[in-house]
Amino acid sequence: MEHPENEDKFAGLAVNKGIAQPPAVNPYFHRKKQRQLYSAGEYVEGILKGDISILSQAVTLVESQVPEHQEIAQEVIEKCLPYSGNSLRIGITGVPGAGKSTSIDVFGLHVLKRGGKLAVLAIDPSSERSKGSILGDKTRMEKLSLNPKAFIRPSPAAGSLGGVARKTRETIVLCEAAGYNNIFVETVGVGQSETAVHSMVDFFLLIQLAGTGDELQGIKRGIMEMADGIIINKADGDNLDRAKLAQTEFRNALHLFPLPPSGWSPEVLTYSGYYELGIAEVWEMIDRYFDFVKKSGYFYEKRREQEEYWMYETINDHLKSNFYNNPEIEQLLDVKQKMVLNSQQSSFTAAHEVLLRYFELMQGKSPK
Ligand code: GDP
């Protein structure tokens, strides 16, 4: 429509025609279809082809608590197993701020230069307890996350530490079947999660910092004992001397530990993740380790032991959740807990009675 002020009796600027108001709702908007579930065979086919999208969806099923998802996931894992195992599995730990993300970014690019593919997985027990994770959801590995040969997956969130770890372990199987021949499993060096990571990797790398005075404080002896390599990060600038000093201290401390079952004496190196100094040396150490344990046969022995460990872990996990998720047991536990707290029954008798009831309930039932 012509604007009235464009008539001759008005002088001045011409008023342009307006435009029709666009609709409030985007006409191109389509509700996203709910992602359909494939059959186990289709997942396996996609995974073996190295299809990242199918792999991610399969990992989501592994992490899901929905029984239907779990059923497919277990079948997928079973079918991928014959294609798994062909990778170097490396656990990386360190307290928050030690430089794990920075280091994994450069270590990752370093291994990718040699060819192959890399999957970075995480086990973060904090995500369950505090609902916020220390290892973070933000993209922490900036360069690696842009690399098409890298698959980065944050920690599964739900469940007990054992459950979370088991899911990561199952994810390793899928990644290996998809052709990822380098697997990093990252965890925070503050709790029991190291034991879980240790039981699924071939090499365990501990990232340490210097310059905090007493270097050995704050890391649990157990973690140091598990480490196949200790690397002191931030050996740059003013911090270089302190890093070298820490290196000597760690070497001395390691002498006090008995030689680990691998027969490999853990090495202590300094490097800088940020300035990318000493990265090749760290990987030379890791290569030396793999040569050593493959020659001695320890590599294969450890993997067999890990299989055994995970069989028992899986059984324990299932037994526990079957017990605690039984509605009648839940109620009975409530009652018994109150009785124990009020000193009406001893903890032993209460436990015994709850277990007896559980076994009664389980008579003739097969596990789900
Ligand atoms: P994370 O919590 O273990 O993942 O640690 P980050 O990788 O996020 O690093 C924590 C902080 O240390 C960041 O501000 C990094 O920039 C810094 N940082 C990491 N590596 C180095 C290093 O080699 N040298 C120096 N000077 N700073 C570093």
Side-chain angles (χ1 to χ4, degrees), residues 90-112 118-147 150-157 164 168 183-194 196-198 201 203-213 215-220 223-224 226-227 229-247 250 267-286:
I90 295 168
I92 299 176
T93 194
V95 292
K100 290 182 296 301
S101 346
T102 317
S103 307
I104 290 174
D105 214 18
V106 286
F107 289 160
L109 293 179
H110 186 84
V111 298
L112 285 179
L118 165 71
V120 181
L121 313 175
I123 294 183
D124 184 352
S126 70
S127 55
E128 184 210 349
R129 253 183 283 131
S130 60
K131 300 284 173 228
S133 68
I134 301 181
L135 296 180
D137 303 320
K138 63 184 156 66
T139 307
R140 297 171 308 122
M141 295 135 201
E142 283 172 19
K143 289 177 232 145
L144 211 51
S145 57
L146 298 176
N147 193 308
F151 176 73
I152 303 178
R153 185 87 189 184
S155 174
V164 170
T168 304
I183 311 274
F184 290 177
V185 184
E186 179 189 10
T187 190
V188 267
V190 287
Q192 301 159 311
S193 44
E194 289 72 32
V197 177
H198 189 242
V201 298
F203 185 93
F204 196 59
L205 194 60
L206 171 63
I207 300 184
Q208 276 294 323
L209 287 180
T212 46
E215 316 306 353
L216 301 180
Q217 231 178 21
I219 25 160
K220 302 207 173 66
I223 298 181
M224 260 185 79
M226 274 189 273
I230 296 178
I231 50 175
I232 299 160
N233 190 16
K234 311 195 188 181
D236 47 54
D238 294 346
N239 210 26
L240 189 58
D241 290 341
R242 272 178 295 181
K244 292 282 172 208
L245 192 67
Q247 183 180 25
F250 274 110
E267 294 187 15
V268 185
L269 298 175
T270 59
Y271 78 109
S272 166
Y274 191 81
Y275 294 100
E276 304 187 18
L277 306 169
I279 308 297
E281 285 76 2
V282 170
W283 287 89
E284 279 159 21
M285 161 177 77
I286 294 174

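FYI, the numbering just counts along the sequence from 1. Start at 1 and go down the list; that is how both ligands and their atoms are numbered.
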Have a look at D236, T93, N239, I104 and point out the one with the heavy atom closest to atom 26 (N) of ligand 1.
-> D236
Does anything in residues 273-282 pair up under salt bridge (Lys or Arg N to Asp or Glu O under 4.0 Å), and if so which pairs, sequence neighbours excluded?
-> K143-E276
Side chain N233, main chain Q208, donor-acceptor under 3.5 Å = no
Less than 4.5 Å apart, any side-chain heavy atom of I279 and any of W283?
-> yes
Which atom names give the shortest non-hydrogen contact between L209 and I232, and what distance separates them?
-> C-CG2, 4.3 Å
Looking only at distance, does K100 have an N or O less than 3.5 Å from an N or O of ligand 1?
-> yes
S272 heavy atoms within 4.0 Å reach ligand 1 at atoms 22 (C), 23 (O), 24 (N)
Backbone or side-chain N or O of Y274 under 3.5 Å from ligand 1 N or O = yes
May I ask you to check whether N233 has an N/O atom sitting below 3.5 Å from an N/O atom of ligand 1?
-> yes
Touching ligand 1 at all, P96? Heavy atoms, strictly under 4.0 Å?
-> yes
By side chain to side chain donor-acceptor pair (under 3.5 Å), S103 pairs with (sequence neighbours left out) Y271
From the candidates T102, I207, V95, the one that places a heavy atom nearest atom 7 (O) of ligand 1 | T102
Would you say the side chains of S272 and K234 form a donor-acceptor pair under 3.5 Å?
-> no
